[in-house]
Novice: 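Dropping the structure in here first, questions after.
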Amino acid sequence: MPEAASPQPAPGSDALPKTYDPAGTEARWQAAWEQAGAFHPDPAAPGQPFSVVIPPPNVTGSLHMGHAFNTALIDTIVRFQRLQGKNVLCLPGTDHASIAVQTILEKQLKAEGASKDDLGRDAFFERAWAWKAESGGTIVGQLRRLGYSVDWGRERFTLDPGLNKAVVEAFLRLHEQGLIYRGEYLVNWCPASGSAVSDLEVEMKEVEGSLWHLRYPLTPLADHPIDHLVVATTRPETMLGDTAVAVNPADPRYAHLVGRSITLPLMGRQIPIVADEHVDPAFGTGCVKVTPAHDPNDFAIGQRHGLPQITVMAKDGSMNEAAGRFAGLDRFEARKAVVAAMEAEGLLVKTEPHRHSVPYSDRGKVPVEPLLSTQWFVRTEPLAARCRTALDNPAGAEPRFVPERWSKVYRDWLTDIRDWCISRQLWWGHRIPAWFVVSETGGVITEATPYFVGRSEAEAWAKAEAQFGAASLAAGRDLVLEQDPDVLDTWFSSGLWPFSTLGWPDPAAADLATWYPTSVLVTGFDIIFFWVARMTMLAGAFLPEARAPFGDVYIHGLVRDENNRKMSKSAGNGIDPLLLIERYGADALRFALVREVAGAGQDIRLDYDRKTDTSATVEAARNFANKLFNATRFALMNLGGETPASLGEPVLAELESEDRWILSRLVRTSSQCAELCGSYRLGEAAKLLYEFAWNDLCDQYIEWAKPRLFGDDQAARTTARRVLAHSLEALLVMLHPLMPHLSEDLWHAVTGAEASEFLALQRWPQPNQQWLDPSHESAFQFGIDAVRAIRNLRALSGVKPAEKLPIGIHTPTAARRDFVIANQGKISRLVGASELHWEAEPTAGQLLGIVDSDAQVGLSVPQQSLDALRERLQKDLAKVEKEIAGLAGRLANPNFAGKAPPEVVAECQANLAEARAQAELVRGRLLDLG
RNA sequence: GGGCGAUUAGCUCAGAGGUAGAGCACUACCUUGACACGGUAGGAGUCACUGGUUCGAUUCCAGUAUCGCCCA
């Protein structure tokens, strides 16, 4: 980056604008980092490897605030680790989101009056890739705009050729291990997308439905009093596929009927009455209709009793030929028609309103239909078992969840896990690498058609030839192979993400060797099952030696809107991160998001005014950015063209009180902040730096150091410059993970570093440990307290801020006396004193304020009505008396003295003495005031 | 039905076994030679409730209530 392009003039210049304008600065540094390849690591480089693969956003449009949040957290972590000197890889990418993208495209086609079948598979794919290019481009642009320090040179897409290779290999190996099978089962069928979906993609929704009580006539039997049973159902249309009625074997009302048969109304079919323990005698009439082909529970009953499965619905949700005269009707129309028909026959007993759960398709937003279908499945238990073992690793759970409580959620899901339906009747996705020998089954694919799994069609052919070639030849027919038309669940490819992106299955991949397993996965709790568990299961199948594909899993909450609702596209309550970035800057948005996340993975609520597109939270962060900008501007104006390096380190022997104080605070802050960032307590780290920067450096240090910075004493000025430059530089380094652009920019301005150098690649500050000095910190704290007491007194007595007047500080303690005398000029400036003097005891004729039991401050002002001061003192007295009561009460308790730690008792006694002394002072002052 | 989380200042949220914190908002004053996106000084809370452990609980434990989420 050419120097001329920098917004910062050379150090020492005072030509900076008064406010920070993030837009240009952020774009410039993003470009500079990328052009320099700053985040493109070499696997052979020194430094402990640290790696993160980002959760790839779906290419379904653009990013929302949740992505910005996830990005802010990950980038803070990886930038921090980079500053620790690690060899950091942060790998970006996007997800093809098979079902979601196909839904979008089909909707577009429908709007154009076309369908995917008109287009054909190839043209549809072309269209899908075009969509991917557009949406993916938008997303990548947004990620760049946030300042994500990822390696764009390693960007991946879950449907790119490299990932396809990994997907095919994974499928093959799982198949070889017997962990993939194909079979006809009751699956969740989404009629909207025309595909099977997994259990996870089904969401239970409470709906107001009806419970229909239907009369099923018993097949007549001479001299038997009961001639019918009543069944209750929420789905009358499925009765067309009933193959039994079930009762509880212990139900005395019906026990004697078990084994008899019923004539199924409307269909005329004879179906048996079976006894099954899973029937709840208390629900409805205690009799349930059994439709094994359309209900999971009935399916299980059917299996136990060997009942036939009659599918009465087609895959588009309409009734099929097996539904007799209802064939062709949509399932919801059929429901009405069946009820009407039953009523017409006098078989509808009653209809009750009934609230119940209905499975909905996550994507299609329509009720899912349990349907018998031949699909591919992953046998999950062996994989899950390995994950549970890794979690129980005596040397430490793998992965380690942060916060820990999520590991229970993860474990529970991996216990009693169901097999994973991985085939989808879609086009956009990884085609299943299986070829059917359709010549064996008359040219069609059935459940019985033999198939071969291969890395390529040629490989499948070779296998097919070997097994069926001779027989085919003998039978005089050609071998015909046809690839399975279906694609894999998106999560199958996402599940390989932490290693497929690093080069797996190539055993020699350097990235894999260096950066696998990855260091930490950062994601929301909502995809622990979808993604985290799938990755650990699949990694266990292929790279079991690592136990888990990531050491830590840092689970964060969701971003909620100003009304505490989860932000979502469908609810229309999303907030576009770009709007806030444009208004406040990416650094401000990032800082605001991270600062909100101090707690243990709680959701964060981002305040937002939709009328004005403003956010007080982000605005506060923007103000902080501006404060830093101005602090740096001040430094540049007062460092005399020098840099931290040219000035050299502060020299201990030359330091004044505020120097000792800020450097001690710096030592403390740098180690605390590193500790917090290293343990994912990023919000606390953000707050710590905010306080150090604003309260300590700006409000105190700079104000106390101004006389030296403005003065003529060269030696004193150099010392102050050294401390200021040093503290500021360290602060900028520490802030870099949180506010990368601003800190990079200001760091260049302060250090005068070459454009080819980057703060992003510097080292975390290592301030001299000798500067840590608690006694100086408390000594200086007295100065802060005294200044505040004087200012308070001025405000209460109504002295004009600009009015200078004689001021005294009264303390008998030698160290404090020395402090006051040594800092006379500085304190005078801070409190507006025309003359500042020290006396052990206050002399008469002053207006006095109390710092603590050992110090008072006095203003030489004419006596006046001082209700405000009196009020204040009375309040102080009340407070201190309350404290005395509490402390005295505690000390009077013999158990306290006996059982509490001695240092606590001593502290308590000291506090009591202090409080009593203060109370005395306050009472004295009140008496003086009359 | 099972599990998890939350309940702290007007709002949004930190916090920690030993006298309650921040940001925003609020009040008063101040355009002081970095910053009004600023400064100074203030006001403001029975830490949801009830028990228990403890010398001491807002903090740990149990239960209750309310809200939210996940699983069935």
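Here is the naming used below: chain letters follow the sequence lines, and residue numbers restart at 1 for every chain.
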Novice: Does any donor atom in the side chain of A:T536 or A:Y410 lie under 3.5 Å from an acceptor atom in the other side chain?
Specialist: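 On atom types as modelled, these side chains qualify, holding a pair under 3.5 Å.
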Novice: Rounded to the nearest Å, what distance is computed from the CG atom of residue A:L414 to the P atom of nucleotide B:G3?
Specialist: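 After rounding, the gap between these two atoms is 20 Å.
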Novice: Name the pairing partner of B:C11, where a pair is Watson-Crick or G-U wobble with both distances under 3.5 Å, or state none.
Specialist: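 When the pairing criteria are applied, B:G23 turns out to be the nucleotide that pairs with B:C11.
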Novice: Just compare B:G18, B:C35, B:U19 and give me whichever is closest to any side-chain atom of A:P901.
Specialist: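 Nearest nucleotide to the side chain: B:G18.
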Novice: Is it true that A:D867 and A:R870 have a side-chain N and a carboxylate O under 4.0 angstrom from each other?
Specialist: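 Yes.
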Novice: Return the value, rounded to whole Å, for the distance between atom CG of A:D603 and atom P of B:U12.
Specialist: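 Those two atoms, CG and P, are 14 Å apart.
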Novice: With a 4.0 Å cut-off on heavy atoms, is A:D699 in touch with a base, just the backbone sugar-phosphate, or nothing at all?
Specialist: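 Sugar-phosphate, backbone atoms only, no base.
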Novice: Which is true for A:F710 with a 4.0 Å heavy-atom rule: it touches a base, it touches only sugar-phosphate, or it touches nothing?
Specialist: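 Base contact.
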Novice: Count the heavy atoms belonging to other residues, nucleotides or ligands that lie under 6.0 Å from CD of A:E277, then report whether that count exceeds 12.
Specialist: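 Counting neighbours around CD of A:E277, 12 or fewer heavy atoms of other residues, nucleotides or ligands fall under 6.0 Å, so no.
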Novice: Could you check whether A:K875 gets within reach of a base, just the sugar-phosphate, or nothing at all, counting any heavy atom under 4.0 Å?
Specialist: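 Counting heavy atoms under 4.0 Å across all strands, the contact made by A:K875 is with sugar-phosphate only.
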Novice: Indicate whether OP1 or OP2 belonging to B:A41 is found under 4.0 Å from a side-chain N or O atom of A:R794.
Specialist: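 So the side chain of A:R794 is outside the cut-off, no N or O lying under 4.0 Å from OP1 or OP2 of B:A41.
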Novice: Output the single nucleotide from B:C69, B:C4, B:G18 whose closest atom is nearest the side chain of A:R560.
Specialist: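 For A:R560, the side-chain atoms sit closest to B:C69.
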Novice: For the residue pair A:S198 and A:E201, confirm or rule out a side-chain donor-acceptor distance under 3.5 Å.
Specialist: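 Their side chains do contain a donor-acceptor pair, which is all the 3.5 Å distance test asks for.
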Novice: Between A:K687 and A:E684, does at least one N-O distance fall below 4.0 Å, as a salt bridge requires?
Specialist: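 No, A:K687 and A:E684 are not salt-bridged.
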Novice: Quick one: on RNA chain B, does A:E206 or A:I784 contact a more 5' nucleotide (nearest heavy atom)?
Specialist: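 Here A:I784 is the residue nearer the 5' end.
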Novice: Could you work out the separation of B:G15 and B:A22 based on their C1' atoms and round it to a whole Å?
Specialist: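 One C1' to the other, the span is 10 Å.
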Novice: In whole angstroms, how far is the C1' atom of B:G68 from the CG atom of A:D526?
Specialist: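 In whole Å, B:G68 C1' and A:D526 CG are 15 Å from each other.
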Novice: Sort out the partner of B:U50 for me: Watson-Crick or G-U wobble, both distances under 3.5 Å, none otherwise.
Specialist: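 Its partner is B:A62 (Watson-Crick or G-U wobble, both distances under 3.5 Å).
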Novice: Reading RNA chain B from 5' onward, which residue's closest nucleotide shows up sooner: A:D412 or A:A795?
Specialist: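 On the 5' side of the pair lies A:D412.
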Novice: Should the side chain of A:K18 and the base of B:C35 be counted as holding a donor-acceptor pair, with the cut-off at 3.5 Å?
Specialist: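 No such pair is found, so the answer is no.
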Novice: Give a yes/no on whether any side-chain N or O of A:R405 is located under 4.0 angstrom from OP1 or OP2 of B:C4.
Specialist: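 No, no such contact exists.
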Novice: Provide the distance between the two P atoms, one in B:G23 and one in B:A9, to the nearest whole Å.
Specialist: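 Per the computed distance, 16 Å lies between those P atoms.
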Novice: Which nucleotide in the set B:A34, B:C69, B:G18 lies at the smallest distance from any side-chain heavy atom of A:F525?
Specialist: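 In terms of side-chain proximity for A:F525, the closest of B:A34, B:C69, B:G18 is B:C69.
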Novice: Taking only the P atom of each, what is the distance from B:U8 to B:U46 in whole angstrom?
Specialist: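 Straight-line distance between the two P atoms is 12 Å.
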Novice: From CZ of A:F591 over to P of B:C13, roughly how many Å is that when rounded to an integer?
Specialist: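 A:F591 atom CZ is separated from B:C13 atom P by 18 Å.
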Novice: Suppose you measure atom P in B:U59 against the same atom in B:U54; what distance do you get, rounded to whole Å?
Specialist: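 Those two atoms are separated by 16 Å.
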Novice: Heavy atoms from C-beta onward define the side chain here; which of B:U40, B:U19, B:A34 lies closest to that of A:R890?
Specialist: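 In terms of side-chain proximity for A:R890, the closest of B:U40, B:U19, B:A34 is B:U19.
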Novice: Rounded to the nearest angstrom, tell me the gap between atom CD in A:Q700 and atom C1' in B:U40.
Specialist: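 Checked: the CD to C1' distance equals 11 Å.
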Novice: Nearest to the side chain of A:P801 - B:G15, B:C29, B:U19?
Specialist: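 Nucleotide nearest to A:P801's side chain: B:C29.
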Novice: Ignoring backbone atoms, establish whether A:N893 has a side-chain N or O less than 4.0 Å from OP1 or OP2 of B:G56.
Specialist: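 For B:G56, neither OP1 nor OP2 has a side-chain N or O of A:N893 closer than 4.0 Å.
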Novice: Paired with B:G17 by Watson-Crick or G-U wobble geometry, both distances under 3.5 Å: which nucleotide is it?
Specialist: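 Check on B:G17: unpaired, no WC or wobble geometry under 3.5 Å.
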Novice: What is the distance, rounded to the nearest whole Å, between atom CG of A:L628 and atom P of B:G38?
Specialist: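 The answer, rounded to whole Å, is 12 Å.
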Novice: Using purine N1 to pyrimidine N3 plus N6-O4 or O6-N4 for Watson-Crick, or N1-O2 and O6-N3 for G-U wobble, both under 3.5 Å, which nucleotide pairs with B:C67?
Specialist: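 Result: B:G5.
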Novice: Under a 3.5 Å limit for both distances, which nucleotide forms a Watson-Crick or G-U wobble pair with B:C29, could you say?
Specialist: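 Per the H-bond distance test, B:G39.
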Novice: Can you tell me if A:R418 touches the phosphate of B:A72, counting only side-chain N or O atoms and a distance under 4.0 Å to OP1 or OP2?
Specialist: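 Yes, A:R418 has a side-chain N/O under 4.0 Å of OP1/OP2 on B:A72.
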Novice: Checking all strands, does A:D607 fall into the base, sugar-phosphate, or nothing category for heavy-atom contacts under 4.0 angstrom?
Specialist: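 Contact class for A:D607: none.
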Novice: Could a donor-acceptor pair under 3.5 angstrom be found where the side chain of A:E596 meets the base of B:A14?
Specialist: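 For A:E596, whose side chain was compared with the base of B:A14, there is no donor-acceptor pair (under 3.5 Å).
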Novice: Measure the distance from CG on A:N638 to C1' on B:C35 and round it to the nearest whole Å.
Specialist: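 Atom CG in A:N638 sits about 13 Å away from atom C1' in B:C35.
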Novice: Are A:T614 and A:D609 close enough that a side-chain donor and a side-chain acceptor fall under 3.5 Å?
Specialist: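 No, no side-chain donor-acceptor contact under 3.5 Å.
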Novice: How about A:L830 and A:E703: do any of their side-chain heavy atoms sit closer than 4.5 Å?
Specialist: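 Yes, close enough: below the 4.5 Å cut-off.
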Novice: Distance check, C1' atoms only: B:A44 and B:U27, in whole angstrom units.
Specialist: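 Approximately 11 Å lies between the C1' atom of B:A44 and that of B:U27.
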Novice: Would you measure the distance from the P atom in B:G52 across to the matching atom in B:A16 and give it in whole Å?
Specialist: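 The answer is 27 Å between these two P atoms.
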Novice: Checking side-chain hydrogen bond (donor to acceptor under 3.5 Å, both in side chains) between A:S853 and each of A:E914, A:R916, A:E920, A:Q918, which is the one that passes?
Specialist: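 For A:S853, the side-chain hydrogen bond (donor to acceptor under 3.5 Å, both in side chains) test succeeds with only one of A:E914, A:R916, A:E920, A:Q918, which is A:E914.
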Novice: With rounding to the closest Å, how many angstrom separate the C1' atoms on B:G5 and B:A41?
Specialist: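 Taking atom C1' in both B:G5 and B:A41, they lie 40 Å apart.
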Novice: Which pairs, protein N/O on one side and nucleotides 21-25 of chain B N/O on the other, fall under 3.5 Å?
Specialist:
from, atom 1, to, atom 2, distance (Å)
B:A22, O2', A:R595, NH2, 3.2

Novice: Look at the side chain of A:K408 and decide which nucleotide, out of B:A34, B:U12, B:C4, has an atom nearest to it.
Specialist: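 Nearest to the side-chain atoms of A:K408, counting from C-beta on, is B:C4.
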Novice: Heavy atoms from C-beta onward define the side chain here; which of B:C13, B:A34, B:C37 lies closest to that of A:F634?
Specialist: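 The closest nucleotide is B:A34.
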Novice: Backbone N or O of A:D607 within a donor-acceptor pair of the A:S615 side chain at under 3.5 Å?
Specialist: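 The answer is yes, because a donor-acceptor pair under 3.5 Å joins these two groups.
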Novice: Among B:C35, B:G18, B:G39, which nucleotide has an atom closest to any side-chain atom of A:N626?
Specialist: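 Nearest nucleotide to the side chain: B:C35.
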Novice: Taking only side-chain N and O atoms of A:R872, does any of them lie within less than 4.0 angstrom of OP1 or OP2 on B:G42?
Specialist: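 The answer is yes; a side-chain N or O of A:R872 sits under 4.0 Å from OP1 or OP2.
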Novice: Under 5.5 Å between ring centres and under 30° between planes: does that hold for A:F896 against the base of B:G56?
Specialist: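 Given the distance and angle limits, no, they do not stack.
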Novice: Does the distance from a Lys or Arg side-chain N to an Asp or Glu carboxylate O, for A:D713 and A:R717, drop under 4.0 Å?
Specialist: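 Judged by the 4.0 Å cut-off on N to carboxylate O distance, A:D713 and A:R717 do not form a salt bridge.
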Novice: Kindly indicate whether the side chain of A:R622 and the base of B:C37 share any N or O donor-acceptor pair separated by less than 3.5 Å?
Specialist: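 Present.
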Novice: Taking the same atom, C1', in B:U53 and in B:A14, what whole-Å distance lies between them?
Specialist: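 Straight-line distance between the two C1' atoms is 27 Å.
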Novice: Is it the case that A:N623 and A:E619 place a side-chain donor and acceptor less than 3.5 Å from each other?
Specialist: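 Note: A:N623 and A:E619 side chains miss the donor-acceptor criterion.
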Novice: Could you tell me whether A:C698 contacts a base, only the sugar-phosphate backbone, or nothing, with contacts defined as non-hydrogen atoms closer than 4.0 Å?
Specialist: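 Touches a base.
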